[in-house]
Amino acid sequence: MAFPRIHHPLAFTFGVLGNIISLFVLMAPIPTFYRIWKKKSTEGFHSLPYLVTLFNSTLWLYYALIKGNAILLITINSIGCLLETVYIVLYLAYAPRHVRKSTVKYFVLMNLGAFSFFILVARYATHDRQTRAMVLGWICVAVSVCVFAAPMSILRQVIRTKSVEFMPFSLSLTLTLGAVMWFFYGLFSHDKCIYLPNIIGFFLGVVQMLLYALYRRAEAVIILEKVPPKSLVDTKVVDIPGEDEAAAGKEEVKADKPGAEDEDDDTTGPNGDSAV
């Protein structure tokens, strides 16, 4: 049984829209890496999100190639693999040595080891192209669900701090729209492996936007409350070098001045008259 071809015009339309929106998401880190390149430092940024995105894009690209007739999946995931590779290379170029070692370790374990393992499973545990594509598709679903679930830590942070500082609305909106486009692409192309994970992506995107609407004004309140203690904590008493020594020197000079004490005590008598 052959896979259904994309003949529905809505499938193609939503696929093109999904490519456009996903491209904006993939290009979102460009300002970050321009900053890294300009300052020649990773400044504490983590490489794991880019490694995971590369891993996810590579799996979906391989799935699209095995499945066949999935040009819209091939285009966006090829671009994703290219951009994420550039990001990782730039990160490795300017990361500290110990961070570079951990990044290479994760790359070998996930992007080489796990990816090779999944290819071997799909290649030797199946006997035909259709079954191989189905196995790869469900592996992609599992990985995509993990990727969509990754922002849960940010959601917990937003609820705990009542601040949306680390959850920009534009990114949440873009991810939600992308999930909608890919959901309908998978629905009209009759591919469960595409539309099922995007249901979760849409749900999590809506939750992020609701939390943003709920806590979007809380950030200013938190900042105003934290500024006074911070200003007090950060206030430091700075000793001027030599000030104490100069003061001590003045006292010493005054004490050693000849006749200083006699001049104060003996210039007047008991009745206020001059003693001389």
Side-chain angles (χ1 to χ4, degrees), residues 18-61 75-112 115 143-144 146-158 161 163-179 201 204-205 208-209 211-212 215-216 218-220 222-224 226-227 230-231 233-236 238:
N19 270 256
I20 295 173
I21 295 174
S22 297
L23 181 60
F24 280 109
V25 175
L26 291 170
M27 294 175 64
I30 288 180
T32 298
F33 281 91
Y34 175 76
R35 178 178 172 181
I36 290 175
W37 171 77
K38 190 174 182 180
K39 294 191 174 183
K40 305 295 186 293
S41 172
T42 55
E43 298 184 326
F45 290 105
H46 298 287
S47 62
L48 190 58
Y50 312 106
L51 293 171
V52 172
T53 305
L54 176 61
F55 180 55
N56 191 42
S57 297
T58 308
L59 280 175
W60 280 108
L61 177 61
T75 53
I76 190 58
N77 286 290
S78 298
I79 296 173
C81 291
L82 176 62
L83 287 176
E84 299 303 325
T85 301
V86 172
Y87 296 155
I88 294 170
V89 169
L90 282 174
Y91 188 90
L92 291 173
Y94 299 113
R97 183 176 180 181
H98 67 283
V99 177
R100 191 183 302 122
K101 289 176 63 176
S102 63
T103 300
V104 172
K105 180 181 69 174
Y106 287 129
F107 177 81
V108 172
L109 291 175
M110 180 169 54
N111 299 83
L112 295 181
F115 180 69
V143 174
S144 297
C146 294
V147 172
F148 282 130
M152 292 298 292
S153 59
I154 299 178
L155 297 182
R156 289 196 301 269
Q157 183 179 3
V158 170
T161 62
S163 171
V164 293
E165 180 182 1
F166 301 103
M167 192 181 69
F169 179 79
S170 57
L171 182 59
S172 300
L173 178 62
T174 305
L175 291 174
T176 304
L177 291 176
L204 291 177
Q208 290 182 29
M209 290 190 293
L211 287 177
Y212 186 92
Y215 296 121
R216 61 192 174 95
E219 181 181 359
I222 294 175
I223 290 176
L224 290 176
K226 288 185 176 180
V227 165
K230 185 177 180 181
S231 62
V233 171
D234 291 344
T235 302
K236 296 181 180 179
V238 179

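These figures come from a predicted structure and were not determined experimentally.
Within the structure, side-chain hydrogen bond (donor to acceptor under 3.5 Å, both in side chains) contacts touching residues 83-99 (residues at least two apart or in different chains) do not occur. Each side-chain hydrogen bond (donor to acceptor under 3.5 Å, both in side chains) pair with one or both residues in residues 19-32, not counting sequence neighbours, appears once here: Asn19-Thr75, Ser22-Trp182.
Remark: Ser47 engages Thr103 in a side chain to side chain donor-acceptor pair (under 3.5 Å) (not counting sequence neighbours). Residues meeting the salt bridge (Lys or Arg N to Asp or Glu O under 4.0 Å) test with Arg35, sequence neighbours left out: Glu43. Under the side-chain contact (heavy atoms from CB on, under 4.5 Å) criterion, Leu177 pairs with Ile21, Leu173, sequence neighbours left out. Residues that satisfy the side chain to side chain donor-acceptor pair (under 3.5 Å) test with Thr176, not counting sequence neighbours, are absent from this structure. Residues satisfying the ring pair (Phe, Tyr, Trp, His ring centres under 6.0 Å) test with Phe115, not counting sequence neighbours, are none. Judged as a ring pair (Phe, Tyr, Trp, His ring centres under 6.0 Å), and not counting sequence neighbours, the contacts of Tyr34 are Trp37. Residues meeting the ring pair (Phe, Tyr, Trp, His ring centres under 6.0 Å) test with Phe24, sequence neighbours left out: none. Residues that satisfy the ring pair (Phe, Tyr, Trp, His ring centres under 6.0 Å) test with Phe55, not counting sequence neighbours, are absent from this structure.
The distance from the OG1 atom of Thr58 to the CG atom of Asn77 is 8.5 Å, given to the nearest 0.5 Å.
A side-chain donor-acceptor contact under 3.5 Å links Ser102 to the backbone of Val99.
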